[in-house]
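Right, one structure below, let's go through it.
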Amino acid sequence: MRGMNDILPDEAGLWLWFEDIVREWLESYGYRNIRMPLLEPTALFKRAIGEVTDIVEKEMYSFTDELNGDELTLRPEGTASCVRAVLQNNLLYNAPQRLYYSGPMFRHERPQKGRYRQFHQVGVEALGFAGPDIDAEMILMCARLWRKLGIRDVTLQINTLGDTAARQRHREKLTAYFGQHRDALDKDAERRLHSNPLRILDSKNPAMQPLIEGAPRLMDELDEEALKHFAAMQVILKRHDIAFGINTRLVRGLDYYNRTVFEWVTTRLGAQGTICAGGRFDGLIGQVGGKPQPACGFAMGIERLLSLLQEDGMENPPMPLDVYLVHQGELAESMANVVAEQLRDAGLRVLLHCGGGSFKSQMKRADGSNAVCAVIIGDDEAAANKAALKPLRGGAQELLTLAELPHKIHELIKQ
Ligand code: ATP
Ligand code: MG
């Protein structure tokens, strides 16, 4: 299906490598895994993300379940589901929660490089935390992950969206300003003038840019508390030598954000340059029906991250394999899978040749397999309860008893 990709074995190795690093990284900050369903009631996303956003207006895969009439949507992002799960299960009752999830998200977009209809995110949420220290922690975490992955050329943009009152004042000024310039608005902007004027600032239409440049700035409306929060976060970033730019036009495409927002951007993926984005959403938990609690989170796009790494020449790591087991003859065949199981008992990764063929053709497979050694069993070896061990990266073949075999292979691997 358009925009929904198979990840084939030749590429999946890179995903597994990435997932290992990510898990270790998240554990090093004390974040715990949570897994939510891929489907949620449509109303949840409308309420959380906002009715007048690109995602809800035109990107969701929503449908009616014909069996019971439920209105359902394939999740376009994870924060709404995560908050729903946390509230339904009362996880915030005793303590704040540091959580992460990872998996497919679905958005009906025009497929292109770095933009798919089924794509994958790692999402990280800190629920129940109010201070700027957690905003900074999230950014420091990202910086560490880029170092671990060897990702270069990403820059950090930050902004603050302030709190409800300031946003309301700003909204009124925007409505008045864009209202005075109605003839310069495009169709989307016209529609959003009263429903969500903030979204007009997000417009990618070049013709709209001069008008947007001159629009009232949220910065000028911000309350002292929000400014203090923003400044305190910057102090922490500076203490850790994290370079950033303040981008006052960064508003993000989801309504639930307030105060800190941030994006990690690279110039190397064309227009799809944002690899990671997030911010604070102090209002969301209350909006989804819980007792109001502050929160902060971010999500990164795995496809975009991996394509950055591939551009840097990163290749799919080959499947790790210790032994390729070659066998020929009836007696040998009946012994081969017993030996294979014994070697696995000893902690080895064993590919048992199946489908017959000459020794020569089987050895060719073994050579091409990335295994450290071949274990070779013919009827003569089988009759003597022995096997030949042939190192595939140089070294002489040896005839060994089955008891000696695992130990010798472990020695070979260590070399
Ligand atoms: P964009 O501005 O590129 O549309 P967004 O603001 O819609 O991104 P978020 O909802 O913040 O993106 O999602 C977080 C991250 O998920 C993005 O920074 C990006 O890396 C990735 N992402 C979002 N949409 C897609 C998509 N359709 N295909 C691949 N990755 C995506
Ligand atoms: Mg988008």
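These figures come from a predicted structure and were not determined experimentally. Start at 1 and go down the list; that is how both ligands and their atoms are numbered.
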Ligand-side contact atoms (ligand 1) for residue partner [X], heavy atom cut-off under 4.0 Å:
X	result
Cys276	18 (O)
Ala277	11 (O)
Thr274	17 (C), 18 (O), 19 (C), 20 (O)
Ala299	14 (C), 15 (C)
Arg252	6 (O), 9 (P), 11 (O)

**Prompt:** Is the closest side-chain heavy-atom distance between Lys46 and Glu71 below 4.5 Å?
**Reply:**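 The answer is no, as the side chains (C-beta and beyond) never meet within the 4.5 Å cut-off.
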Give me the nearest non-hydrogen protein atom to [atom] as residue plus atom name, then the distance to 0.1 Å.
atom	value
atom 28 (N) of ligand 1	Tyr116 N, 2.9 Å
atom 24 (N) of ligand 1	Phe119 CZ, 3.5 Å
atom 8 (O) of ligand 1	Arg304 NH1, 4.5 Å
atom 1 (P) of ligand 1	Arg115 NH2, 3.6 Å

**Message:** Once you measure the plane-to-plane angle for Tyr324 and His353, does it fall in the parallel (<30°), tilted (30-60°) or perpendicular (>60°) bin?
**Reply:**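 Tilted, since the angle between the ring planes falls between 30° and 60°.
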**Request:** Kindly assign one of parallel, tilted or perpendicular to the pair His181 and Tyr177, based on the angle between their ring planes and the thresholds 30° and 60°.
**Result:**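 Plane angle between 30° and 60°, so tilted.
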**Prompt:** Short question: side chain of Gln209, backbone of Asn205 - any donor-acceptor pair under 3.5 Å?
**Reply:**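 Yes, the answer is positive, given that a donor and an acceptor are paired below the 3.5 Å cut-off.
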**Prompt:** Would you say the side-chain atoms of Asn247 and Asn159 include a donor-acceptor pair closer than 3.5 Å?
**Reply:**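 Their side chains do not contain a donor-acceptor pair, so the 3.5 Å distance test is not met.
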What is the distance from atom [atom1] of [X] to atom [atom2] of [Y], rounded to the nearest 0.5 Å?
X	Y	atom1	atom2	value
Gln168	Glu221	CD	CD	11.0 Å
Gln293	Phe129	CD	CZ	10.0 Å
Met300	Phe18	CE	CZ	4.5 Å
Arg84	Ile285	CZ	CD1	13.5 Å

**Message:** Judged on heavy-atom distance to atom 10 (O) of ligand 1, which of Arg107, Glu263, Gln121 sits nearest?
**Reply:**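 Checking each option, the heavy atom nearest atom 10 (O) of ligand 1 is found in Arg107.
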**Nearest option to atom 29 (C) of ligand 1, as decided by whichever heavy atom of Gly114, Gly301, Gly3 sits closest** =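 Nearest heavy atom to atom 29 (C) of ligand 1 lies in Gly114.
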**Prompt:** Looking only at distance, does Glu303 have an N or O less than 3.5 Å from an N or O of ligand 1?
**Reply:**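 Glu303 vs ligand 1: no N/O contact under 3.5 Å.
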**ligand 1-proximal atoms of Ile275, by part, heavy-atom distance under 4.0 Å** =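 Within the 4.0 Å criterion, Ile275 contacts ligand 1 through backbone atoms alone.
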**ligand 1 versus Glu109: contacting region, heavy-atom distance under 4.0 Å** =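 Side chain only.
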